[in-house]
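Sequence lines set the chain letters: A, B, ... in the order given, protein chains first and strands last, and positions in each chain run from 1. Being a predicted model, the structure only gives us computed values, none of them experimental.
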There are 2 protein chains.
Amino acid sequence: MSTIVKSKPSLREVEEVVRESIAGRRLVVIVGECRVDYEGRAASRLELGERVVLIKQDGAVLVHGPTGYSPINWQPSTSAIEVFYREDSGLVIHAVRDKPREYLTITFTRVEAVVAGKLVDPGGFTMYVDESEMRDVLVANPSLIEEGFRVLEVEKPVGDGYVDIYGVDRESRPVLVELKRVTATREAALQLYRYVEAYAREKGVRPRGILLAPAFSPSAIETLLRMGLEYRYVDLKKMGELVKKHKAWKRQSLLDYTKGERHGGAADKA
Amino acid sequence: MSTIVKSKPSLREVEEVVRESIAGRRLVVIVGECRVDYEGRAASRLELGERVVLIKQDGAVLVHGPTGYSPINWQPSTSAIEVFYREDSGLVIHAVRDKPREYLTITFTRVEAVVAGKLVDPGGFTMYVDESEMRDVLVANPSLIEEGFRVLEVEKPVGDGYVDIYGVDRESRPVLVELKRVTATREAALQLYRYVEAYAREKGVRPRGILLAPAFSPSAIETLLRMGLEYRYVDLKKMGELVKKHKAWKRQSLLDYTKGERHGGAADKA
DNA sequence: CTATGCATGTCGATA
DNA sequence: TATCGACGTGCATAG
């Protein structure tokens, strides 16, 4: 990572750094005064002010103000970025995206600092509890859903969509289980309701419907009760523990499966 | 804006810059090698790699990788940020957020560049067409919905939610109008359906339901037709023009209203 | 302060 | 390639 760092560079200098960095697929950070125009799905204008602009190695562009999580303006991943300096207007960075067609124009009048470098990030990212993991754990431990519950199908197509878990209770009645990793909203309840209705239409039997989540909004509970559906709380912390075990198990079984096959990741295709 | 820019600083130097910048409510950009741990609603671990970290003036923290729009890890706005350097582990930045309780720990092992400065951004930001503006324009120009349409209520409570526009058609039949500024999905169609059903239950009369959007997904159209609902296309460009006029009018009437009162914004409360 | 719905949402999986 | 649903969604607003 050979980094370029310039303090109070001229706009010409920045132009060169940005141009070369885009060509060399390096990341650029510019801190300075600019205005921004956006036109695409919506349209916006941002007047002159001091901001941080990131141009990423895949062409994503972010304009960040002094506060807040979200960028003020951005371009997720761009087909083409143009850079040019004009005596009258300043340093112009033009990012164009296809599908949807969107234009982002950043005009710098002053730059305080510019940093450019090729970032190498092989870092493995692990998210400990996501919905698919929750589902895997529940499938492996169906008693967490209900004593005597038996899983028949995962991601079962029902009507327009897919219900997370399909199975039968101890009395062999069909059950549709919908999962939410976060607070369940009315939307989740209605989604489950649609599955239950669709299943009833298709099979001629009304199944039980259970919504599993760590928390429920009042409107969700109200809707569930009104629709004749059930809900259960899941403990994410406990899930987390089980996920860890489950993962260890999965890794082990994968190792067994690939035993003797060649290991090693794909080469870096830059 | 007196900016600090350091190339390949020692971790001790970075510690000092970050500590002082947080105290002085300045923004910091750090480019270097780090690992990141997050625990809160979920939990994640990001192994060693090169990234850009922004610490914003309100305590928001963003960890950006070399590509993509979204930060890998973040903290939207933090109650407390701690910084400390340890010979063994490296430079640790610890950001804690209340409600929900979440912890973000960034550990730098090497820093390529650090930039810090107080960003001044008075820049007015104008978004030309958002949904509320769309609604205002349609209320002011009901014939855009349908010839002879009369608006009776905006954001009318119906069932669980609020329908954007409620009115009557030329034959005095009740009409529920739902707006989407972007492509309408099946979700939007189902939302309108819920309103229509709720209205029918409450009033004993089934109203017409119209979904207005610049575009419709096939499944949205399929659902609308199946549910006996209608849809119309709106032209965002035209909307934009009308919004401009409408805004001018609103500003004018606001000026009339506040005539003689004192102008000027609030003082910067840093 | 909580609940609800929008967003230039973005992103990933899937048909 | 288009569509669909999840997201540590974030965020503003209404009650």
Legend entry - Phosphate OP1/OP2 of D/dG10 contacted by B/W74 side-chain N/O (<4.0 Å): yes

Inset, instruction - Would you classify A/R101 as touching base, sugar-phosphate or nothing, given that sugar-phosphate means primed atoms plus P, OP1 and OP2, and contacts are heavy atoms under 4.0 Å? - result: nothing

Legend entry - Carboxylate-amine/guanidinium proximity below 4.0 Å for B/E47 and B/R45: yes

Inset, instruction - On DNA chain C, check which nucleotide each of B/R181 and B/D164 is closest to and give me the residue with the more 5' one. - result: B/D164

Inset, instruction - Have a look at A/Y69 and say if it touches a base, only the backbone sugar-phosphate, or nothing, with a 4.0 Å heavy-atom cut-off. - result: sugar-phosphate

Inset, instruction - Using a heavy-atom cut-off of under 4.0 Å over every strand shown, decide if A/I72 touches base, sugar-phosphate, or nothing. - result: base

Inset, instruction - Specify the closest pair of heavy atoms between B/V182 and B/P214, including all atoms of both residues, with the distance to one decimal. - result: O-CD, 3.6 Å

Inset, instruction - Take the protein atom CG of B/D98 and the nucleotide atom C1' of D/dG8, then report the distance between them rounded to whole Å. - result: 16 Å

Legend entry - Interatomic distance, A/T223 atom OG1 to B/R194 atom CZ [nearest 0.5 angstrom]: 8.5 Å

Inset, instruction - Using the C1' atoms only, state how far D/dA6 lies from D/dG10, rounded to an integer number of Å. - result: 14 Å

Legend entry - Separation of C/dA15 P from B/E222 CD (nearest whole Å): 18 Å

Inset, instruction - Would you indicate, yes or no, if C/dA7 has its OP1 or OP2 atom less than 4.0 angstrom from a side-chain nitrogen or oxygen of A/R41? - result: no

Inset, instruction - Could you state the atom-to-atom distance from CD of A/E155 to P of C/dA13 in whole Å? - result: 13 Å

Inset, instruction - Nearest whole angstrom, please: distance from the C1' of C/dT8 to the CD of A/Q75. - result: 9 Å

Inset, instruction - Would you please classify the geometry between the B/Y199 ring and the B/Y166 ring as parallel, tilted or perpendicular, with 30° and 60° separating the classes? - result: tilted

Inset, instruction - Give, for atom CG of B/L138 and atom CG of B/L212, the distance between the pair rounded to the nearest 0.5 Å. - result: 6.0 Å

Inset, instruction - Check whether any side-chain nitrogen or oxygen of A/S70 sits under 4.0 Å from OP1 or OP2 of D/dG10, and answer yes or no. - result: no

Inset, instruction - Can you see which heavy atom on A/G68 is nearest to which on B/D58, and at what distance? - result: N-OD2, 2.9 Å

Inset, instruction - Quickly work out the A/L190 CG to D/dG5 C1' distance and round it to whole Å. - result: 15 Å

Inset, instruction - Could you state the atom-to-atom distance from CG of A/D37 to P of C/dT8 in whole Å? - result: 16 Å

Legend entry - Candidate nucleotides D/dG10, C/dC11, C/dG9, ranked by approach to the side chain of B/V182 - the nearest: C/dG9

Extract from the structure each pairing of a protein N or O with an N or O of nucleotides 2-5 of chain C at less than 3.5 Å, listing the distance.
residue : atom : partner : partner atom : Å
C/dT2   : OP1  : B/K99   : NZ           : 3.3
C/dT2   : OP2  : B/K99   : NZ           : 3.2
C/dT4   : OP1  : A/S219  : OG           : 2.9
C/dT4   : OP2  : A/S217  : OG           : 3.4
C/dT4   : OP2  : A/S219  : OG           : 2.9
C/dG5   : OP1  : A/R186  : NH2          : 2.4
C/dG5   : OP2  : A/R186  : NH2          : 2.9

Legend entry - Closest contact, heavy atoms only, B/A220 versus B/A184: CB-O, 3.4 Å

Legend entry - Between D/dG10 (P) and B/D58 (CG): distance, integer Å: 14 Å

Inset, instruction - Calculate the interatomic distance between B/F125 atom CZ and C/dT8 atom C1'; express it in whole Å. - result: 9 Å

